[in-house]
Trainee: 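Sending over a structure as structure tokens; questions will come in a sec.
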Amino acid sequence: MKFISIVVPVYNEEENIEFFYQEVCKHMEPLPYKFELLFVDDGSSDATPLLLEKISQQDSRVRGLIMARNYGHQLALTCGLDHADGDGVITMDGDMQHPPEMLPVLLAKWEEGFEVVQTIRISTEGVSWFKSVTSGLFYKLINAMSKVHIQEGGSDFRLLDKAVVQSFRRYKERARFIRGMIGAIGYRQALVEFVAPKRFAGTSKFSLRKMMHFALDGITAYSKLPLRFAFFMGLLFALISFAVTMHVVYIKLFTLEAVPGWATISASILFLGGLQLLGLGIIGEYVGRIFEEVKQRPLYLLRVELKQQQKE
Ligand code: UDP
Ligand code: MG
């Protein structure tokens, strides 16, 4: 019988875990698979780790990995994928926004021979207009800037075949945008649509700051276009200054007027100074990321591994 690992990153989800666990079991038990639920606790400060310990003691299909601190959703997913040995590995959120009813649909697509079954969120119930507008803009921006196409509404709810998981583990970068990585990894991919319901309980763990950081990770990891910005601006201003010089020479040689304009000079100096700092800032952003990557620190540390794997 095939073995399925379900990887679930959780961060302060004490109100959701129990219900989520029951719902997943309800939808997985009728199917002809052995499965494990692999919770990755992303440094929660509430009762989440205690609940995981309790559930994993009661049910041998439940495993818990407790990380040493909060590393963020993408690294928690990575940690889960590193430890999941199923023939198929499903990643999903623990707040019921990735509906467990979809599990049989993902598995059926996998049985058809697709090695990656990616879900697309066609809408989210009760999402703020701010989040939907910024998310739409982000996907337009990143697709305009990078070679890899990243599907709008793509979520981290997906099924990966064992072979894809093994390939994925060879990607060692720190700043991760797993959606983009999976898009670029290839294999036979299927898309499945779903409507994300509201969170079962609690609030979103993504602050505006975390979201902006995530967007920046996505853009810098997939595009070198911002780095070329200074080059194109330089070209543009070289052309403009050439035209202005011609104008000045013309006035000097062929007219009796003086060339006016200290105001123009200070405005253009300020403008170009601003542009130069902007260019430097962009370079700085990439250099900072190079610095983070070359340190080669471990991606995450595990504090406790609740129970060893039960696959037999
Ligand atoms: N999460 C995590 N680490 C974090 C933030 C979130 O492991 O730093 C988990 C969270 O517990 C949930 C999933 O990632 O299971 C998605 O987070 P959330 O529902 O807050 O994001 P949203 O659905 O609002 O985009
Ligand atoms: Mg959510």
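Nothing fancy with the numbering, it's 1 onward along the sequence. What you are looking at is a predicted structure, and each value in this text was computed from that prediction instead of being measured. Indexing begins at 1, ligand by ligand and atom by atom, following the structure's order.
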Trainee: Among all protein non-hydrogen atoms, which one is nearest to atom 5 (C) of ligand 1, and what is the separation to 0.1 Å?
Mentor: Lys205 CB, 3.5 Å
Trainee: Sequence neighbours excluded, which residues qualify as side-chain hydrogen bond (donor to acceptor under 3.5 Å, both in side chains) partners of Arg179?
Mentor: Tyr139, Asp156
Trainee: Could you walk me through whether Phe200 and Gln97 satisfy the side-chain contact (heavy atoms from CB on, under 4.5 Å) test, starting with their C-alpha distance in whole Å, then the side-chain angles of each, then the deciding distance to 0.1 Å, before giving a yes or no?
Mentor: CA-CA 8 Å; Phe200 179 66; Gln97 286 196 291; over 6 Å; no
Trainee: Quick one: which of Asp95, Thr91, Asp93, Val40 has a heavy atom closest to atom 16 (C) of ligand 1?
Mentor: Asp93
Trainee: Tell me the protein heavy atom at minimum distance from atom 11 (O) of ligand 1, and give that distance in Å.
Mentor: Glu13 OE2, 2.6 Å
Trainee: Which protein N, O or S atoms sit under 2.8 Å from the Mg ion (ligand 2)?
Mentor: Asp95 OD2, Gln97 OE1
Trainee: Name the atoms and distances for all side-chain donor-acceptor pairs under 3.5 Å in residues 109-117, with sequence neighbours left out.
Mentor:
from: Trp110; atom 1: NE1; to: Asp161; atom 2: OD1; distance (Å): 2.8
from: Glu111; atom 1: OE1; to: Lys2; atom 2: NZ; distance (Å): 3.0
from: Glu111; atom 1: OE2; to: Lys2; atom 2: NZ; distance (Å): 3.4
from: Glu111; atom 1: OE2; to: Tyr33; atom 2: OH; distance (Å): 2.5
from: Glu115; atom 1: OE1; to: Arg188; atom 2: N; distance (Å): 3.0
from: Glu115; atom 1: OE1; to: Arg188; atom 2: NE; distance (Å): 3.4
from: Glu115; atom 1: OE2; to: Arg188; atom 2: NH2; distance (Å): 2.8

Trainee: Name the closest protein heavy atom to atom 8 (O) of ligand 1, giving the residue it belongs to and the distance to 0.1 Å.
Mentor: Lys210 NZ, 2.8 Å
Trainee: Please tabulate, for the side chains in residues 241-252, all donor-acceptor contacts under 3.5 angstrom to protein atoms that are two or more places apart in sequence or on a different chain.
Mentor:
from: Ser241; atom 1: OG; to: Ala238; atom 2: O; distance (Å): 3.1
from: Thr245; atom 1: OG1; to: Ser241; atom 2: O; distance (Å): 2.6

Trainee: Checking the N or O distance criterion of under 3.5 Å, is ligand 1 in contact with Ala76?
Mentor: no
Trainee: Atom 23 (O) of ligand 1: which protein heavy atom is closest, and how many Å away?
Mentor: Gln97 OE1, 2.7 Å
Trainee: Under the salt bridge (charged side-chain N to carboxylate O under 4.0 Å, His left out) rule, what do Lys172 and Glu293 come out as? Steps first, then yes or no, please.
Mentor: CA-CA 9 Å; Lys172 301 290 184 204; Glu293 298 288 348; over 6 Å; no
Trainee: Among all protein non-hydrogen atoms, which one is nearest to atom 4 (C) of ligand 1, and what is the separation to 0.1 Å?
Mentor: Asp42 OD2, 3.4 Å
Trainee: If you have a sec, work out which protein heavy atom is nearest atom 14 (O) of ligand 1 and how many Å separate them, to one decimal?
Mentor: His73 CD2, 3.1 Å
Trainee: Looking only at protein heavy atoms, which one is nearest to atom 9 (C) of ligand 1, and what is the separation?
Mentor: Pro9 O, 3.6 Å
